[in-house]
Amino acid sequence: MGFATFYFWAAFCSFFILYWTLLQGDNRIKWRNGILLLVSYAFYATWDWRFLGLLFCSSAVDFIVGLRLEKAREVRVRCMLIGTSLTVNLGFLLIFKYHNFFIDSARLSLRALGVDTNLHHLDWVLPVGISFYTFQTLSYTLDIGRGRIRAEHDPLVFFAYVSFFPQLIAGPIERAGRLIPQFKSSHSFDLKASKEAVLRILWGLFKKLVIADRLAVFVNSAYADPTILN
């Protein structure tokens, strides 16, 4: 479900009304975060539900690593925990996003040495947004390691932070110290801020649909047949 579709905006408007009418107040923060997490996962599942496992696994690893990293005092243990986070998250990213690139590079290098190889591509779909949530969870762990933030002990807050649907598949990558506190506090509806947000969204949609998509027609044509540029 892309941002520039009717279905997204119908769902978004429905959630917007629910958020500001039934999910406000200090006694409803857990409900709000739980529903926000479900909505974010449902949004991601509309693309391909099978990759929810990657999103969940990446979140779970850094949630557990963060808790243990906060308590760890030995340098060796802290390095091991950070290494676990780096290995898991960057491992997912390398396998799903860059595996075929490395295969092609290795194949060309071996051919240059006169070695024929049977290395094959992996024919799977790139998980949407994997770069954004991978680096978002990594930044959280690294910030704990540097002492910039404390580990989050509420799994609902942390998982909602990683999967927050407005920036899950297109960024930006938000630092935990800035976004997580917003999941833990109540908010009051601000009409002026809402109007400014709507105008910013409309301006972004205009740049995407009217400018970027129109330019993409020429760019894609050039990449498909570079000879037309001569």
Is a donor from one side chain sitting under 3.5 angstrom from an acceptor on the other, for Asp62 and Thr141?
yes

Considering residues at least two apart in sequence or located in another chain, which fulfil the side-chain contact (heavy atoms from CB on, under 4.5 Å) criterion with Lys71?
none

Same cluster for Val61 and Val162 if Ile/Leu/Val/Met/Phe/Trp/Tyr side chains link at under 4.5 Å?
yes

What's the spacing between Leu156 CG and Arg32 CZ if we round to 0.5 Å?
11.5 Å

Is the ring centre of Phe8 less than 6.0 Å from the ring centre of Phe43?
yes

Is Phe51 close to Val128 at the side-chain level, that is, under 4.5 Å between some pair of heavy atoms?
no

Leu55 reachable from Ile95 in the ILVMFWY side-chain graph, under 4.5 Å edges:
yes

So ring pair (Phe, Tyr, Trp, His ring centres under 6.0 Å) across residues 173-215, not counting sequence neighbours, yields Trp20-Phe189, Phe164-Phe183, Trp203-Phe206

Is there side-chain contact between Leu90 and Leu138, with heavy atoms separated by less than 4.5 Å?
yes

About how many Å separate OG of Ser131 and CD of Gln136, when rounded to the nearest 0.5 Å?
12.5 Å

Are Leu215 and Ile211 close enough that some pair of their side-chain heavy atoms sits under 4.5 Å apart?
yes

Tell me if the CZ atom of Arg68 is crowded by more than 12 foreign heavy atoms within 6.0 Å.
no

Short question: side chain of Arg214, backbone of Leu209 - any donor-acceptor pair under 3.5 Å?
yes

Atom OG1 in Thr46, atom OH in Tyr41: separation rounded to 0.5 Å?
14.5 Å

Does the side chain of Arg78 come within less than 4.5 Å of Leu69's, by heavy atoms?
yes

Could you state the interatomic distance from CD1 (Ile180) to CD1 (Ile149), rounded to the nearest 0.5 Å?
6.0 Å

Do Tyr161 and Glu152 have side chains that get closer than 4.5 Å, going by heavy atoms?
no

Salt bridge flag under 4.0 Å for residues Lys30 and Asp154
yes

When the ring centroid of Tyr140 is compared with that of Phe158, is the distance short of 6.0 Å?
yes

Separation of Leu94 CG from Thr134 OG1 (nearest 0.5 Å)
9.5 Å

Are Leu54 and Tyr133 close enough that some pair of their side-chain heavy atoms sits under 4.5 Å apart?
yes

Side-chain ion pair, Asp190 and Lys192, N-O less than 4.0 Å
no

In the structure I gave you, are the side-chain heavy atoms of Ile35 and Phe15 within less than 4.5 Å of one another anywhere?
yes

Student check: side-chain heavy atoms of Ser163 and Tyr44 closer than 4.5 Å:
no

Would you check if the distance from the ring center of Phe159 to the ring center of Phe56 is below 6.0 Å?
yes

Please check if Leu18 and Leu38 belong to a single hydrophobic cluster, counting links between Ile, Leu, Val, Met, Phe, Trp and Tyr side chain heavy atoms closer than 4.5 Å.
no

Is there a side chain to side chain contact (heavy atoms under 4.5 Å, CB included) between Val75 and Cys79 once you walk through the steps?
CA-CA 6 Å; Val75 174; Cys79 289; 3.9 Å; yes

Between Arg178 and Glu174 (salt bridge meaning N to carboxylate O under 4.0 Å), is one present in this structure?
yes

Rounded to the nearest 0.5 Å, what separates atom CD1 in Ile82 from atom CG in Leu142?
6.0 Å

